[in-house]
Each structure stands twice: as C-alpha cells, then as structure tokens.
Protein chains: 2
Amino acid sequence: MNGQGRSGGRPTLEEVAVRAGVGRGTVSRVINGSSKVSEHTRAAVEAAVAELGYVPNRAARALAANRTDAIALVIPEPEARFFAEPYFSDVVRGVGATLAETDVQLVLTLAGSDRERRRLAQYLSGHRVDGVLLVSVHAGDPLPELLAELGIPAVISGRRSADEALPCVDSDNLAGAAEAVHHLLGRGRRAIATITGPLDVYGAQCRLDGYRQALAAAGQPVAEELIAVADFTEEGGRRAMRELLERRPGIDAVFAASDVMAAGARRELRAAGRRIPDDVALVGFDDSVVARHMDPPLTSVRQPIEEMGRTMARVLLERIAGESPEHSIVLPTELVVRESS
Amino acid sequence: MNGQGRSGGRPTLEEVAVRAGVGRGTVSRVINGSSKVSEHTRAAVEAAVAELGYVPNRAARALAANRTDAIALVIPEPEARFFAEPYFSDVVRGVGATLAETDVQLVLTLAGSDRERRRLAQYLSGHRVDGVLLVSVHAGDPLPELLAELGIPAVISGRRSADEALPCVDSDNLAGAAEAVHHLLGRGRRAIATITGPLDVYGAQCRLDGYRQALAAAGQPVAEELIAVADFTEEGGRRAMRELLERRPGIDAVFAASDVMAAGARRELRAAGRRIPDDVALVGFDDSVVARHMDPPLTSVRQPIEEMGRTMARVLLERIAGESPEHSIVLPTELVVRESS
DNA sequence: ACACAGTGTGGGAGCGCTCCCATTGGCGTC
DNA sequence: GACGCCAATGGGAGCGCTCCCACACTGTGT
C-alpha cells in the first residue's frame, strides 16, 4: 500500500519525528496519548505514524521505561488437569479478552514439576513481567510469598484460605453448593449426601459449608454419615459413593463437589442398581463437558470461569497501575438443571 | 542468602564484570555460552554471576540483539472450542515442555473475531516475536501469507491442504481413520457408515480417505450412501446419523470423525432404539474427555496432541535458528478401544 | 514597560545489552 | 631474535525508546 520506511528496517520514533517535523519527545507524547500536545501537532504526528506504518519497538520501550507490558499466567500443570477440563481455556479466553483492549502481552508459564517451579521463581526474580496471575494455588506453595517479597503485583484465583494476602477472584463456592442442595430439597429429596473435595483445599471446604448451610436453612439436621471426603478424581468419587451407600442405603440424592466425582458416583450408583434420577438425584459442580455428556446429563453448578479470567486480568492491571482495587472479588455461580435431578 | 546487588536495582552486566574483574564483553560471552573464553575467566565470571544473583535483562538483550526470545501461539478461538476440548491445553503443555529447556517465552494470542485477527496482523508486523505457532488454520486465512511476507518463521498444525507453504506438524488422520475402520471390520461389522467433518477441512478429508482406503483394503465396496457429511458439532453428528439410518437402516457400525459428533450420533441411535455396541458399534476420533465419559465409553482414535505441541515448538526453534528441518511431520495416532465397539 | 506564570516543545542522557573492532600477550617459526 | 599469528579480552558504539530539564513563546498582572 505505502512504503514501510525506505531504509529497510521498521521505522523508528526518530523517523516519525523527522517526517512530522517535530521532536522525538513530541512523538512519544502523542504515541502514549499523553497530556499536553496541541491539536495541530498531534494531527501531524498521527499522519506521519500512519504513513510510515510505525509500530513502537516494545523492547526499547521496556528498556527505557523499566516495565515490560507483559503479565504472566502461571498454570500449575498437574492441577489444571482435573480442575474441570475447559477451565484452562476459559480462563485464558477471559484474560485474553481483557488484555485485548490493552497493549499487554500474556505470557504463559507452566509450573508443573518442582524443577519448573524453581525455574519460574528464578524467572520472576528477573522481573520479566509486570504482574502475575496465579491459578489454583496450593497450600504449601511458596510462590505468593515470593511475589510479595519481590514486590510484583499478583492476583490469585482459587485462594488458599479466607484471608489470602494477595487479591483474589473466586466464584461463590458456598452459595453455589447451597443452591445445589436447595434445589435437591425442592425436588423433595431428604436423604441428601455430599461428596467433597480434599478439605485442605479452601474451595472444597466452602462447598461443604454451603451444603451444611442449605440443610440448616431448611431446618434439616446434618448427618455426618452423609458426608464423604474424596479428592476431586473420578475414582475417588466412586469410592466415596460406595462408602455412602454402605453407611446409608436410603440415600435419595447426592451433591458432588465436582463433575468428575459425580461421574464416579454415577458409575457406582449404576453398579448398585440405582436409577438416576428416579432413585437417586445427582448434582455436580463445574458444569464441565463431562456434565453435558453424562447419561443422564448432569445438573451442575456453573462457575463463570471466563468472567473470572476477565476480572483477574482487570484487577491485576489496576494493581500494576498503582490503584488498589477491591481485595477480594466473589463471582456468582449458576445452577444448570439437567435430567440427573 | 546473599546481597542481591548493593545499589538497589537488579545487578547489570557491567556490575558482574567489575566484580569478576573482567570486561563487559567477556561476561556477555560467558552468559551466552559462547566460544572462546578461558576456563579460568569463565569460572570467575560464573562465580560473580552467582554471588550477585545476576539475571540478564531481557528487554535490553532484545533491543541490542534485535530478537525477542519469544514466540507466539496463535489460537483461533472459535475453532479451538470444538476441536476436542483438551486439545488446547495439551498443545500448550507440549509447547511448554519444549520451551522449558530454552529461554524462550510463550506469548498467547487469541484471534477469534475478525477484529482480533487484524490486531494480530498488526501485532506481528511489529516483529514482536521471533516466530509463530499456528493452530488449526482455516481455508481463507490470510495469516500464513502475511507471515511469509514478513519473513517471520512459522509452523502450522492442522494444515489446509497437502502442499502447505509453511512447515506442518500433524497427526496421521488417514492412518488413524483407517485403523478405526479396520478395527470395526475385525469385529465382524460389514455395514460401516462414516460421519465426516466439513470436507473443506483437510484433516476431515483425510479421515474420509482413511475410511475409504480401509474398506478398499478389505475388498469391501464403498457405498456413498454410507457417508454423511457433518460439521464437527454434536447436533451435526445427530443429524448425520438420522440421515444414515434413513438411507440404510441396516447399519451396524459408525465411524465418526470426531468424538463430539459421535456423541450426537449416539443420541440419535438411542432415540432409534439401537443399542451400542450390540446393534451398532461406534468409534470416534480425538479421544477427548467426551469419549471417556460417554455411555458406553467410546472407542476413539487418539492423536498425540502433546507431542504435536512439542514437535511444533522444536521445529519452530530450529527454523528461527536458521536451520531448515523437515518440512512436514506426521505423527502416528493410536486406537483406544473401549466398550462402544 | 517589565516580570512571571504557564503551555508546548526539542533534545540530551541514559536504560542494559550485543556486536565488533582494537588491543594484548603468548607462542611457534625461519 | 625479530616476525607473524591467533586466542583471549576490553570497551566503544549503538539498539529505540522514555524521562525530564531547558527553552521558546504566549498571555496576564502591575
């Protein structure tokens, strides 16, 4: 269409300045949308930018301004796997959506093995990103402390406890679980069991609390024998279901704290000759693919994962900009009712 | 543990040089593992690096060396969705695994909407990455040409035709499909239908060819009425199945070119009162979560997605380094047999 | 008439690295 | 013993940007 700068390489700020008949500083001001530039000059610069097809050199900018315009999304690999399958892509989509409006790069960092985590720590020490998004942090994880120490802005999703030092964005695990149980009560179920995740995971704890609260709110006693602890895996869900059936054969509903565990429970129920939902109603959590394709399709609590991604990115950008927004954000869940209940 | 550089900020090359009692150039050579440095000097520099906790400033390096040490993974969002759910995370894991051994960053770029694709083109024009990984490129996509024009190294997965200009890494769609059909033949099935993806997608075409070849190899005629074209969606699979049953009620096996379409087909078969696998055997493609959790669990063709990611990254790095490795790599698939066949 | 803000604006001084040329010193050679 | 050669090293010159100080100019008040 037009010459992209005669002398070979990409055009530089300097060249734009010459072309527009102004100084470097002025072009820089225009590029950065900054303050005081006369309307006339601004127009001239913008024209020159357009003609030359000027794109700022990110490295030079980073070097001079001592920032990178990049944030890292840390994925603790092993977890990401069972944490509901589309979770990962949904988070990325959400984060991406927010970043699309800025000029910030998303750098993906996998930290599965211990070796990789060490690399990551090293990496972050190099201050190669302006901020960090942490997904599904685990109990003994040193990363949050490291980040705090290095003074790198960070936002967590899947907090480790009620009082997390870093800002958090989470879904309302408690309310979601409560809604699920409330729904089962509404269907006339009375012997409602629950299969929980590992209770040292805060989210799992919240879901159990939600279960308790919903029963309490309905004036129902909470029988401890109706609570089975599992580990978010299918096999764990199955085992838990077996225990529950042994302890209380009369169960007529199960709230599983994840779809995958619900899938395990379903297999066990089948094996025991229980029909779903006729004999036992089943509700899961996550609303993952598994839920949609289960037989019968599984009623499940949907988390607004993409929105969580968007929100996390937004909060992080605000933090980086030096604003101190809300410390903890809880997003509402939604019960998706299907044939299993 | 030790002082991280007394004067506040991160230590610089210069400071390491002073500390080691050598010149900047020498330190640079050591850092970059480059050529001629005496054993003695190298040791001194390495000691200084360790003591100071020196980490090279990426921006400065990028600016001076005119490279970025970053590659982009372009995700055409809308596609990524139905292209088997874990696809995305598996590719990322593979790519990450390869990059973990280098010092190259993975920058994630979503390009769902047309607007985003334009942004992306703009972005790439800025030469902000050393290379690009393209996943699931579509027929009319201008990206590959743009990249070629800009002279940016790139690698594609999911090529658009047999002779793609850019280097490709794909799974062996044809052989995978053939194996699936062969398997059905081995189970004694004779009226084997297939549900294909959109035939302007090269991979879908290959799978259909595999179906044809397997039948031909077994001396079976290929009846066109046993071929139904769909679109990789569940609903499409369902419709295709309905057509097939109308055209040829005696079908005793179906090879669907994706698990999601197989799920659609299963629903239709159920509705028609056909039992799986007793009346009709069903085989899918992708070996996604859907397959594992279907009822009955679905036999499916597994693609080595993570390995594809690893390979793509490897090939791209080689390209960037100026080597010209294999142009097109085809990775073997694997049939995972479950109860549906 | 003068001083004094207040806008816009130009351009020097780096940011921390790589590239590459110049320099050093040790050693083999005729 | 002078010469050449090469491995090893030092350090200047940028890379393209942002930051910020200094310098016009224009007005306004006295």
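Just so we're on the same page: letters track the sequence lines, and every chain starts at 1. All values below come from the heavy atoms of this structure, side chains included, with hydrogens, waters and symmetry mates left out. Everything numeric here is computed off the predicted structure, so don't read it as measured data.
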Is a side-chain donor-acceptor pair under 3.5 Å present for [Y] with [X]?
X	Y	result
B:Y123	B:E116	no
B:T68	B:R58	no
A:R10	B:S125	no

Any salt bridge between [X] and [Y], counting N to O under 4.0 Å?
X	Y	answer
A:R67	A:D130	no
A:R160	A:D141	no
A:R128	B:D69	no

Would you indicate what A:R24 reaches in the nucleic acid, counting non-hydrogen atoms under 4.0 angstrom: base, sugar-phosphate, or nothing?
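The answer is base, as A:R24 lies within the cut-off (heavy atoms under 4.0 Å) of a base atom.
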Counting any heavy atom closer than 4.0 Å, what does B:N57 reach on the DNA or RNA strands: base, sugar-phosphate only, or nothing?
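Since only primed, P, OP1 and OP2 atoms lie under 4.0 Å of B:N57, the category is sugar-phosphate.
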Please say whether more than 12 non-hydrogen atoms of neighbouring residues, nucleotides or ligands are located less than 6.0 Å from CD in B:E323.
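For B:E323, atom CD is crowded (more than 12 foreign heavy atoms under 6.0 Å).
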Filtered N/O pairs between nucleotides 21-27 of chain D and protein, under 3.5 Å:
none

Between B:L63 and B:H40, just flag the one whose closest nucleotide in DNA chain D comes earlier from the 5' side.
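Taking each residue's closest nucleotide, the earlier one in sequence belongs to B:H40.
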Taking the nucleotide of DNA chain D with the nearest heavy atom to each, does A:I31 or B:T41 sit closer to the 5' end?
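Residue closer to the 5' terminus by nearest nucleotide: B:T41.
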Distance from A:M312 atom CE to A:L73 atom CG, nearest 0.5 Å?
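Here the interatomic distance stands at 7.0 Å.
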Using a heavy-atom cut-off of 4.0 Å to chain B, what are the terminal contacting nucleotides of DNA chain C, in 5' to 3' order?
C:dG16 to C:dC20
